[in-house]
Amino acid sequence: MKKFSTRLVLWHELHGRKNLPWQRKITPYKVWVSEIMLQQTQVVTATPYFKKFIQEFPTVKSLSKATPDQVLKLWSGLGYYARARNLHKAAKLICSNHEGKIPSSINELVELPGIGRSTAGAILSLGFKKKAPILDGNVKRVLARHFKIEGNLQASSTTKQLWQISESLLPSDRIDIYTQAIMDLGATVCTKSNPLCSNCPVNQDCSAFKEGLVDTLPLKVKRKSKLTKKVLWLLPQGPSGEILLEKRKEEGIWGGLWSFIETEKKAELELALSRNFDSNISNIKKLKKVKHNFSHFNLEAIPYLVKVKKGKKIKNTVWVNFKNVESLGLPAPIKKTINQITMP
DNA sequence: TACACGTGGGA
DNA sequence: TTCCCAAGTGT
């Protein structure tokens, strides 16, 4: 029987994905950007974002010269915005410390913000054709099944074990194809539900397949229940229908993005209104509650729309409507709400 | 170690 | 509806 890696490489020739946007005219830069975008994100979701991003920032240097807002606007709707902030910071560091060239050693790569061991491994193998392991969600699932790893994937001992296995399987030849192949296998054959084991090139020695454990591995752990956070949004609306947004602080959810003025209590909301605008509470209009579920908590926001005259310039704010909504870094539900209110 | 960090889609 | 998760990293 051929080696695990050999079988995967041969399988990839026939069934692997070879025409994704970041696989055409491949460069370490494209691999890097795509790997960051694909963290916890599906290919179909990341694809349009990648195309726009590369169009706008075709090189590390062009990215390094951008403003944080220019980067965040291209990330708007994609989520996990620290990825965008770190990508931008790393581009600046690459230009200042590595002469604009993405480093090709594991130690230098993981020094850069947003690049951990797995992303570094992907950049090395896919971008530089250097022998380095990865351990993303796909690889974890494939290996957990193949080698019957029954521990909690969250546990450090299990992760350590999987890293060792991942490294031990690496071929000396065609490392880039192998890395792509094992990810493709996880994404298209060894899927979390309804895996297509009969199409798997390594099913002959897959422990889970042979022992009927495909549906039980990897071990599923119950997520703890989420809390619901209730907030109020103040939406001052100018004469032409435009809405005032405030820049959120760097840390915390939606860091650095533009959002509605947010308070927890009605009194704070009224204070923000009276302090900044010559408008009374009587013409405030309560809109339909906005529900938005994050991975770690649920958000319920009640938007309050108030017609105001544009007055003095308020710090860290901007007026926005459907015409300029695309030019800012906005969280998905904020963009959606603005469009609903300001669309003609 | 455990949790923060987004979003849209599938079961 | 509700839950889970998809190319993880930072703290």
Side-chain angles (χ1 to χ4, degrees), chain A residues 16-17 20-23 30-50 72 75-87 89-90 109-127 133-142 152-160 162-163 166 179-188 190-195 215 218-229 248 250-257 259 291-299 329-336:
Chain A
R17 298 176 292 187
L20 296 169
W22 43 90
Q23 296 175 319
K30 285 185 195 168
V31 173
W32 174 38
V33 173
S34 66
E35 284 300 323
I36 301 299
M37 280 195 177
L38 287 161
Q39 287 171 5
Q40 305 288 289
T41 306
Q42 300 194 336
V43 166
V44 62
T45 305
T47 295
Y49 286 87
F50 177 84
L72 283 174
W75 217 270
S76 175
L78 194 55
Y80 283 137
Y81 299 97
R83 294 183 296 174
R85 297 193 298 269
N86 285 333
L87 189 69
K89 283 180 200 160
L109 282 169
V110 297
E111 284 286 313
L112 294 168
I115 299 181
R117 189 176 174 189
S118 190
T119 299
I123 294 170
L124 287 172
S125 60
L126 299 174
I134 63 166
L135 191 64
D136 60 21
N138 285 318
V139 176
K140 281 181 184 171
R141 187 171 55 254
V142 170
N152 181 346
L153 289 193
Q154 272 48 260
S156 64
S157 58
T158 312
T159 301
K160 193 176 171 189
L162 289 170
W163 270 113
S166 181
T179 297
Q180 191 58 55
I182 193 166
M183 287 194 289
D184 287 357
L185 187 76
T188 64
C190 195
T191 48
K192 67 173 192 294
S193 54
N194 306 316
D215 290 330
L219 180 70
K220 290 160 189 71
V221 288
K222 282 193 287 287
R223 192 185 301 220
K224 71 171 198 177
S225 61
K226 292 190 284 186
L227 297 175
T228 298
K229 180 174 178 168
R248 296 179 69 93
E250 290 298 315
E251 63 278 11
I253 201 85
W254 295 340
L257 277 72
S259 183
K291 293 186 178 185
H292 186 75
N293 296 334
F294 295 97
S295 47
H296 51 309
F297 70 94
N298 297 330
L299 181 71
L330 303 178
I334 304 296
K335 185 183 283 189
K336 189 178 164 192

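Only this structure's heavy atoms are used, side chains among them; waters, hydrogens and symmetry mates stay out. Per chain, numbering begins at 1; letters A, B, ... match sequence-line order.
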Side-chain N or O of [X] versus OP1/OP2 of [N]: is the shortest distance under 4.0 Å?
X        : N      : result
A/Tyr80  : C/dG10 : no
A/Trp254 : B/dA4  : no
A/His292 : B/dT7  : yes
A/Arg141 : C/dA6  : yes
A/Ser118 : C/dT9  : no
A/Lys220 : C/dC4  : no
A/His296 : B/dC5  : yes

Of the nucleotides B/dT7, B/dT1, B/dG6, which has the atom closest to the A/Ser156 side chain?
->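 The closest nucleotide is B/dT1.
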Nucleotide pairing, DNA chain B (Watson-Crick or G-U, distances under 3.5 Å), in dot-bracket with [ ] and | = .||||.|||||
In this structure, how many angstroms lie between the [atom2] atom of [N] and the [atom1] atom of [X], rounded?
X        : N      : atom1 : atom2 : value
A/Arg83  : C/dG8  : CZ    : P     : 9 Å
A/Asn298 : B/dT7  : CG    : C1'   : 13 Å
A/Leu299 : B/dC5  : CG    : P     : 12 Å
A/Asn293 : C/dC3  : CG    : P     : 9 Å
A/Arg117 : C/dG10 : CZ    : P     : 14 Å
A/Lys226 : B/dC5  : NZ    : P     : 13 Å
A/Trp163 : C/dT9  : CH2   : C1'   : 12 Å
A/Trp32  : C/dG8  : CH2   : P     : 18 Å

Classify [X] by what it touches in the nucleic acid, base, sugar-phosphate, or nothing, heavy-atom distance under 4.0 Å.
X        : answer
A/Trp75  : nothing
A/Leu257 : nothing
A/Gly255 : nothing
A/Ala332 : sugar-phosphate
A/Gly77  : sugar-phosphate
A/Leu78  : base

Would A/Arg117 and A/Leu135 count as a side-chain contact (heavy atoms from CB on, under 4.5 Å) if you check the C-alpha gap in whole Å, the side-chain angles of each, and the deciding distance to 0.1 Å?
-> CA-CA 8 Å; A/Arg117 189 176 174 189; A/Leu135 191 64; over 6 Å; no
Using heavy atoms to find the nearest nucleotide of DNA chain B for A/Gln154 and A/Arg85 separately, return the residue whose nucleotide is more 5′.
->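 Its nearest nucleotide lies further toward 5', so the answer is A/Gln154.
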Given side chains that start at C-beta, do those of [X] and [Y] come closer than 4.5 Å, heavy atoms only?
X        : Y        : answer
A/Trp22  : A/Leu126 : no
A/Lys335 : A/Ser76  : yes
A/Tyr80  : A/Gln40  : yes
A/Leu153 : A/Leu219 : no

Mind checking salt bridge (charged side-chain N to carboxylate O under 4.0 Å, His left out) for A/Arg248 and listing every partner two or more places apart, or none if nothing turns up?
->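 Result, salt bridge (charged side-chain N to carboxylate O under 4.0 Å, His left out) vs A/Arg248: A/Glu262.
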When you look at A/Ile36 and A/Trp75, which way does the side-chain contact (heavy atoms from CB on, under 4.5 Å) test go after all the steps?
-> CA-CA 11 Å; A/Ile36 301 299; A/Trp75 217 270; 3.9 Å; yes
Counting distance only, does the side-chain N/O of A/Gln23 pair as donor-acceptor with the main-chain N or O of A/Arg17 below 3.5 Å?
->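 Checked: pair present.
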Side chain of A/Lys192, backbone of A/Arg141: donor and acceptor closer than 3.5 Å?
->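 The answer is no, because no donor-acceptor pair under 3.5 Å joins these two groups.
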Among A/Leu72, A/Ile334, A/Leu330, find the one that has a side chain to side chain contact (heavy atoms under 4.5 Å, CB included) with A/Leu257.
->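 Only match with A/Leu257 under side chain to side chain contact (heavy atoms under 4.5 Å, CB included): A/Leu72.
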Mind checking whether A/His292 and A/Trp254 have parallel, tilted or perpendicular rings, split at 30° and 60°?
->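 Plane angle between 30° and 60°, so tilted.
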Given the P atoms of B/dA4 and C/dC4, what is the spacing between them in whole Å?
->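 It works out to 16 Å between them.
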Span that lies between the P atom of B/dG6 and that of C/dT2, in whole angstrom |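 Approximately 24 Å lies between the P atom of C/dT2 and that of B/dG6.
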Kindly give the heavy-atom pair with the smallest separation between A/Val31 and A/Ala122, and that separation in Å.
->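 Smallest interatomic distance, heavy atoms only, reads CG1-O, 3.8 Å.
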Nearest nucleotide by nearest heavy atom, which residue falls closer to the 5' end of DNA chain C, A/Arg17 or A/Leu112?
->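 Taking each residue's closest nucleotide, the earlier one in sequence belongs to A/Arg17.
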Of A/Ser193 and A/Gly116, whose closest DNA chain C nucleotide lies nearer the 5' terminus?
->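 This one resolves to A/Ser193.
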Please state whether the base of B/dG6 and the side chain of A/Ser295 form at least one donor-acceptor pair under 3.5 Å?
->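 Side chain to base: pair present.
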Nucleic acid contacts - residues 38-47 of chain A versus DNA chain B, non-hydrogen atoms under 4.0 Å |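 Residues of residues 38-47 of chain A that come under 4.0 Å of DNA chain B are, in numerical order, A/Gln40, A/Thr41.
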